[in-house]
Amino acid sequence: MAYHHLCSSPSSLLRDRHSLSVSPKPKSLRTNPPTSLNLVSLSKTSIKASSSHVSLEDLMSQETETPRKLTNSQYPDGKTASKSYAWVNPRSPRASRLRQLTYDSRYSSLLKVAESLDSCNPNEKDVLAVLSSLGDDVSEQDAVVVLNNMSNPNTALLVLDHFRKILTKTSREVILYNVTLKVFRKSKDLDGAEKLFDEMLQRGVKPDNVTFSTLISCSRVCGLPSKAVEWFEKMPAYECDPDDVTYSAMIDAYGRAGNVDMAFTLYDRARTEKWRIDPVTFSTLIKIYGVSGNYDGCLNVYEEMKALGVKPNVVIYNTLLDAMGRAKRPWQAKSIYKEMLSNGFSPNWATHAALLRAYGRARYGEDALNVYKEMKDKGLELTVVLYNTLLAMCADVGFADEAAEIFEDMKNSGACKPDSWTFSSLITIYSCSGKVSEAEGILNMMLEAGFEPNIFVLTSLIQCYGKAQRTNDVVRMFNRVYELGITPDDRFCGCLLNVMTHTPREELGKVMDCIEKAKPELGRVVKLLIGEQNGEGNFKNEASELFNHISSDVKKPYCNCLIDLCVNLDLLERACDILELGLSLEIYAGIQSRSPTQWSLNLKSLSLGAALTALHVWINDLTKVQESGEELPPLLGINTGHGKHKYSEKGLATVIESHLKELDAPFHEASDKAGWFLTTKVAAESWLESRRSPDLVVA
């Protein structure tokens with residue numbers, strides 16, 4: 001801080017720009033030309049005169065004669081002899097006496113006085129007792145040095161009042177107030193600073209740029225950006241014009257206060273006028289872009305910062321990592337983290353937390369677990385939110401054993417207690433794995449902890465009982481929903497629809513009744529689908545009406561479940577009807593693609609039944625192409641993706657490969673493209689010719 005620099009040198013005062021950093025740590029002196037927000041600071045020479053700064057050159061000359069320059073006395077006729085210089089041995093007694101006459105010695109004593117004033121009782125008697133050591137000849141420079149080096153605002157007010165009384169002549173009284181305001185900033189006492197400002201006005205002292213910049217920076221270190229904005233917007237009323245340092249600081253203040261438009265306006269101006277922007281402001285800008293969802297803007301600000309020569313710090317890196325986590329860009333989070341390490345920065349708790357959130361949200365399971373282990377090795381405690389992030393990630397990727405270990409660690413930590421989200425994730429994990437007893441055990445723990453199951457927990461439990469084909473428990477849990485006064489949502493009804501794909505044919509009616517009660521329009525579609533109601537022509541109309549009135553995020557799951565149910569019941573034509581409806585409503589997109597060199601079938605986003613149905617339709621389409629005399633491309637491929645279902649030992653690729661073998665189809669897994677099955681035009685034409693027969697029966 002500029003006021004800190006005020007006493008950084010033991011001889012006299014230089015001009016320095018006032019710093020508006022959030023942290024009150026001292027910064028190096030700037031070499032830029034001084035502006036209206038300059039403050040006074042000590043140097044080893046003297047204060048230079050300025051319209052906005054105190055000049056102590058005259059005051060210094062009144063206190064002591066400069067010992068380094070020895071002059072001859074005037075001649076009797078009034079003429080002055082030429083000036084000469086004399087060397088004095090620094091080890092001689094004379095040098096010691098001369099040194100005592102300089103302001104260096106005075107400065108050291110003033111520092112001791114400031115230290116004593118900080119520790120004395122905040123009453124007039126004790127304060128005056130300390131100040132009496134200064135003697136009667138106290139200069140304005142002495143007053144500035146003492147106040148500038150104090151950190152106790154309670155005694156600083158008494159010291160200011162004393163100096164105002166004894167200093168009959170002051171260059172600018174506002175400087176005494178400004179250095180006193182700095183004391184309040186050191187102690188993060190904005191209320192006291194504001195009261196002192198009011199006193200200034202009452203005494204007729206006009207505030208200057210330094211006054212406002214100190215109050216603005218005090219607001220920032222107190223974490224009150226709205227107050228910083230308030231003081232900034234008062235400046236014109238007192239004929240004070242902010243300089244670029246103040247403007248740069250206000251980018252941060254406006255951003256933190258929620259006035260994003262003003263922050264961006266000032267930032268655009270800063271780039272045009274080449275203001276100096278500190279890392280704190282860049283961090284705020286990155287955070288603003290991140291919260292608004294403009295993640296490319298975060299990276300652009302970061303690159304602009306480096307181009308301007310501003311070196312990133314740990315806070316900048318952590319803010320970027322958090323933004324990339326929000327953006328679900330774990331690869332960029334990895335890159336930023338590597339850069340951070342290569343630049344010599346050590347990750348702190350916030351770094352690990354940001355990485356864990358980034359990897360957890362993006363389902364980078366192994367990376368998230370590695371960060372978790374590293375935090376445990378370093379003795380860093382996790383919060384409930386971080387534990388829940390890990391458990392939710394485990395639920396998404398099917399890490400049941402890892403989740404159990406994390407849960408035990410959470411309970412043994414002593415610092416975190418499981419909440420409803422903790423239990424919800426664990427129940428989801430065990431439910432999706434079909435582990436009924438484990439899911440029920442977690443439910444009992446949840447109830448004992450005082451948490452009622454919510455719609456997510458009950459949905460998971462219904463799915464669990466459905467996989468275990470415990471239909472009566474499905475119905476019991478469904479009734480529990482209404483007992484708790486919970487209204488079933490589209491996801492809950494989708495879960496019931498999924499349960500039907502696991503339910504024995506003879507018990508379908510029990511689940512059907514639940515669906516009909518929870519969502520009558522879905523119940524009508526299911527009844528038409530399985531033939532419990534007549535109305536062949538109404539099925540597509542009812543299904544279209546259903547899909548037009550459900551949320552977009554459940555349309556594909558509904559379609560997949562309805563097709564799976566048809567496949568399980570050997571209703572292939574009805575399955576094809578639903579697939580066609582899904583394509584026409586753009587619920588499914590890009591299943592078939594064609595280029596001059598390759599025709600492809602993309603099954604990655606489909607359930608097993610929907611994938612088999614799409615394969616059946618594609619083979620029929622290829623047959624029609626061949627019958628029409630149209631040429632097939634040189635290559636045909638089926639893309640199933642290379643992963644397996646997170647809670648199943650079988651992946652889609654395994655099922656499709658098995659089915660292709662049953663059909664004796666000439667598709668073979670590609671060695672260089674995981675999840676792809678390819679064949680040539682010649683092999684495909686030969687196979688299609690050999691299989692001209694009635695419709696394929698899906699196994």
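Keep in mind that the numbers below use all heavy atoms, side chains included, and drop hydrogens, waters and symmetry copies. Positions are given from 1, in the same order as the sequence printed here.
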* Taking it one step at a time, do Arg164 and Glu199 satisfy salt bridge (Lys or Arg N to Asp or Glu O under 4.0 Å)? -> CA-CA 13 Å; Arg164 288 186 64 259; Glu199 179 187 314; 5.3 Å; no
* Ion pair Glu303/Lys306, N-O distance below 4.0 Å -> yes
* Side-chain heavy atoms of Leu299 within contact of Gln332, under 4.5 Å -> yes
* Roughly how far, to the nearest 0.5 Å, is the CG atom of Leu147 from the CG atom of Leu160? -> 6.0 Å
* Compute whether any side-chain donor of one residue and acceptor of the other, for Thr246 and Ser213, lie under 3.5 angstrom apart. => no
* Without hydrogens or angle criteria, can the side chains of Asn178 and Asp208 be said to hold a donor-acceptor pair below 3.5 Å? -> yes
* To do: Output all residues satisfying ring pair (Phe, Tyr, Trp, His ring centres under 6.0 Å) with Tyr295, sequence neighbours left out; order by chain, then residue number.
  => none
* Asked: Partners of Phe282 by ring pair (Phe, Tyr, Trp, His ring centres under 6.0 Å), sequence neighbours excluded?
  -> none
* To do: May I ask you to test the Met262-Met250 pair for a side-chain heavy-atom distance under 4.5 Å?
  => no
* Structure fact -> Across all chains, not counting sequence neighbours, the side chain to side chain contact (heavy atoms under 4.5 Å, CB included) partners of Val384 are Asn388, Met410, Cys416, Asp419
* **Smallest separation among heavy atoms of Val310 and Pro279, with atom names** => CG1-CG, 4.0 Å
* Qualifying residues under side chain to side chain donor-acceptor pair (under 3.5 Å), relative to Lys411, sequence neighbours excluded -> Glu408
Side-chain donor-acceptor pairs under 3.5 Å in residues 221-238, sequence neighbours left out?
{"residue": "Lys227", "atom": "NZ", "partner": "Glu194", "partner atom": "OE2", "Å": "3.2"}
{"residue": "Trp231", "atom": "NE1", "partner": "Glu194", "partner atom": "OE2", "Å": "3.3"}
{"residue": "Glu233", "atom": "OE2", "partner": "Tyr254", "partner atom": "OH", "Å": "2.8"}

* Run through Asn149, Asp126, Val130, Leu158 and flag the one making a side-chain contact (heavy atoms from CB on, under 4.5 Å) with Leu117. => Val130
* Is any side-chain heavy atom of Val280 closer than 4.5 Å to a side-chain heavy atom of Arg220? -> yes
* Just wondering, do Ile166 and Leu131 contact through their side chains at under 4.5 Å, heavy atoms? -> no
* Begin from the C-alpha positions of Asp189 and Lys195 and carry the test salt bridge (Lys or Arg N to Asp or Glu O under 4.0 Å) through to its verdict. => CA-CA 10 Å; Asp189 184 1; Lys195 290 177 182 177; over 6 Å; no
* Asked: Going by atom types alone, do Asn343 and Tyr317 pair a side-chain donor with an acceptor below 3.5 Å?
  -> yes
* Leu320 vs Met340 side-chain heavy atoms within contact, under 4.5 Å -> no
* Residues that Phe264 engages under ring pair (Phe, Tyr, Trp, His ring centres under 6.0 Å), provided they are two or more places apart -> Tyr289
* With side chains defined as the heavy atoms from C-beta onward, is the minimum distance between His162 and Val127 less than 4.5 Å? -> no
* Worked verdict on Arg326 versus Asp322 for salt bridge (Lys or Arg N to Asp or Glu O under 4.0 Å) -> CA-CA 6 Å; Arg326 292 172 182 269; Asp322 184 70; 3.2 Å; yes
* **Ser335 side, atom OG; Leu321 side, atom CG - distance, nearest 0.5 Å** => 10.0 Å
* To do: For residues Val183 and Met150, report the shortest heavy-atom separation together with the two atoms involved.
  => CG2-O, 3.6 Å
